[in-house]
Amino acid sequence: MASISLIEREKKKADFRKAITPYLYLVPAFLVMAFITFYPLIYQVIVSFTDFQTKDLLKGLASENLNSVGVKNYVDIFTGGLPVQNFDFFRVLTYNLWWAVTNVAIHVPTGIVIAVLLNTPGLWMKRIYRSLYILPIVVPPLVVATVWRNIFDAQYGAMNQFLTSASMFFGALDPVRIRWLEDFTAPIPWLLPNGPLTLAYYAMMIANFWLGWPFMALVATGALQSIPKDLYEAASIDGASGYQQFRKITVPLLRPAMIPATIYGFTLSFNLFNIVYFMTGGGPARSNEILVTFAYDLVRNLRLFGAAAAFSVIIFFVALTLFLITNRLTRATENIVE
Amino acid sequence: MATYTKPNKSNNPIIRFLNINTSREVGGRELPLWRQIALQILCLVIAAEVMFPIMYIVTLSLSSRETRPSSLELIPQEISLTAFKQVIDRPTANPVTFSELLRNSFLLSVGVGLVSLLIAILAAYAFSRFKFKMRQVLMVLVFVPLLMPAIGLATPLYLMMNSIRIADCGGGAIAISPFATCAVGLGKVMFNLRDSLIGVGIAMVSTALPFAVWNLKGYLDTIPKELEEAAAIDGADANQIFFQIVLPLALPQLAVTFFLGFIGNWQGLPSRGSSSQSPNHTRFR
């Protein structure tokens, strides 16, 4: 008899069911994502090769006025041909990277130092301080940006008043009226050679510093609890001073926990829309804009949907490159620690 | 002798007072009083720096003046609830009340959290436990949307949701586009997906979903496989293992992921909320 027996047929059915089970589990997620993520993604890629404008919004891709302009949008973005003032793609890109790097470089050491400070055995009111220092994370970002903009106001801002009282304490006569958010001149002329950093950059750094170190301190506190105390006792018996203990015990053992936090902080700062947009609106003459605020501007205000789509695709590739690099870094350091 | 402590040599009572060990541990590192006080001052300075903008907000919200104060006020000078009253009665220029805004925010956040959770746990289980051919590729496909800026996806979503409408064609006929449309000139639009809370919720799910999958997959990786193998030996198939063993074990992480999704979407992003025009659908910002 050439036909397959009943047992073999049952086994084939069971094997088939077992093979497609994982795909069945994935169907809901991919169905949803196909509609709300992949479809807009492909749509944007197609739009980036056209000159989509507001008049095409009604019919979308089926609109008659839509022309295909090839790679004109991409070329415009890279060579600065967009009708946007002070837009040089590579200047914005380097500024964005510099912004993210300097932010993280300030937040992480501060967070670690404050976490170690709070971890001192026998410190009074430790829990109160820890709860207090979490507050900046809880405040809504828009409120944070608006409050810090008020603080850096030239006329009534708290920062200028603080500097005024400090300078009068040392004998100055005039009130301090630094125009933080509008001034064009750069205090350090040679920094960032292709686009000097204005005072607004420093103002945003201070505001983001207030917002950023509590998260790093939180992660460091969690990691500090896992360091066994015997190490410190053994080191102090051997005669190590407090600073030596910090450098040789605390820092190496904190590193595996702080590296993912650093990378997360870097990604967050790179895409920090709230502070940049609502505090300075891009700074004097757009010198402080980062990539995502530019994208937002292209869509909302200028309505150049074709160029905005091309811009989003470019940002996507920049983010992909950063993601791959950071992935490689974390895997490399994990191997070293283990 | 367990540890070696330096003898307190000074005869001066002030110095001896300042060197009292305030560390409550026995045999650990000691914390003399002067160092404790120095650390306390440092902590208070840091607390002042943290609280400074927050006190600014609190003072401003409790004062009854209409314009920005000209001097720096950190301690509330008067406690007047006019600002709070105004927020609760009429928060924005639109005719919505505070409770409606609260209800909208709450419904959206809870709904988006739950939906993304339910879909993500299935996908996370597949990625974590099964070995199938396209696993790496599909995993990258799921995490890649996180890299696209939200603004980039806003316009097509807007257009797509705009095309899903329910219109009343008069005479009792109801047309649900894009499958059917009324004749030209007829049709009063009853429901436009772009203009509703459901539309905003769908847009919010698009970022909540990859994050939830990533979170849950990481946690499911830590659940030991021996439990599932024991169940398989006893004759459970894959579905039973998932629903009766893995799902209950993963409940804590489900709660955490729901909470994170809720908090993340509670504050709202400008790109998401702007697709809905109707004032009844505004949320907290």
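Proteins get letters first, then strands, A, B, ... in listed order; numbering begins at 1 in each. Everything numeric here is computed off the predicted structure, so don't read it as measured data.
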(message) So which atom in B/I119 and which in A/P28 form the shortest heavy-atom distance, rounded to 0.1 Å?
(response) CG2-C, 3.8 Å
(request) Look at A/V32, A/T146, A/L118, A/T21 and state which one has the largest set of heavy-atom pairs under 4.5 Å with chain B. (result) A/V32
(message) Heavy-atom pairs under 4.5 Å with chain A - which of B/N239, B/L118, B/L42, B/V213 has more of them than the others?
(response) B/N239
(request) Check whether any side-chain heavy atom of A/F35 lies under 4.5 Å from a side-chain heavy atom of B/I202, and answer yes or no. (result) no
(request) Write down the atom of A/P22, the atom of B/A126, and the distance for their closest heavy-atom approach. (result) O-CB, 3.8 Å
(request) Could you have a look at A/F38, A/W148, A/Y129 and say which one has the most heavy-atom pairs with chain B under 4.5 angstrom? (result) A/Y129
(message) Please classify the contact of B/D237 with chain A as side chain, backbone, both or neither, using a heavy-atom distance under 4.5 Å.
(response) neither
(request) Could you check if a side-chain atom of B/F127 sits within less than 4.5 angstrom of a side-chain atom of A/L26, using non-hydrogen atoms only? (result) yes
(message) When you compare the side chain of B/I46 with that of A/L117, does any pair of heavy atoms fall below 4.5 Å?
(response) yes
(request) Go through the steps for B/E49 and A/Y133 under the test side-chain hydrogen bond (donor to acceptor under 3.5 Å, both in side chains), then give the verdict. (result) CA-CA 10 Å; B/E49 177 249 357; A/Y133 294 169; over 6 Å; no
(message) Heavy-atom pairs under 4.5 Å with chain B: which of A/Y23, A/Y277, A/Y39 has the most?
(response) A/Y23
(message) If I measure from the heavy atoms of chain A, does B/L138 come under 4.5 Å with its side chain, its backbone, both, or neither?
(response) both
(request) Counting only heavy atoms closer than 4.5 Å, note whether A/F270 contacts chain B via side chain, backbone, both or neither. (result) neither
(request) Measure distances from A/I114 to the heavy atoms of chain B and classify the residue's part below 4.5 Å as side chain, backbone, both or neither. (result) side chain
(request) Nearest 0.5 Å please: distance from the CG atom of B/L39 over to the CG atom of A/L123. (result) 6.0 Å
(request) Between chain B and each of A/V144, A/L132, A/V27, count heavy-atom pairs under 4.5 Å; write down the option with the most. (result) A/L132
(message) To the closest 0.5 Å, what do you measure between CD1 (A/I128) and SG (B/C43)?
(response) 11.5 Å
(request) Find the distance between CH2 (A/W124) and CD (B/Q40) and round it off to the nearest 0.5 Å. (result) 6.5 Å
(message) Any heavy-atom pair between the side chains of B/V50 and A/W213 that's under 4.5 Å?
(response) yes
(message) Please report the interatomic distance CZ(A/F30) to CG(B/L209), rounded to the nearest 0.5 Å.
(response) 9.5 Å
(message) Using 0.5 Å steps for rounding, measure from the CE atom of A/M125 to the CG atom of B/L44.
(response) 6.0 Å
(request) Fit a plane to each ring of A/Y25 and B/F242, take the angle between them on a 0 to 90° scale, and name the class: parallel (under 30°), tilted (30 to 60°) or perpendicular (over 60°). (result) perpendicular
(request) Check whether B/K133 gets within reach of chain A through its side chain, its backbone, both or neither, counting any heavy atom under 4.5 Å. (result) both
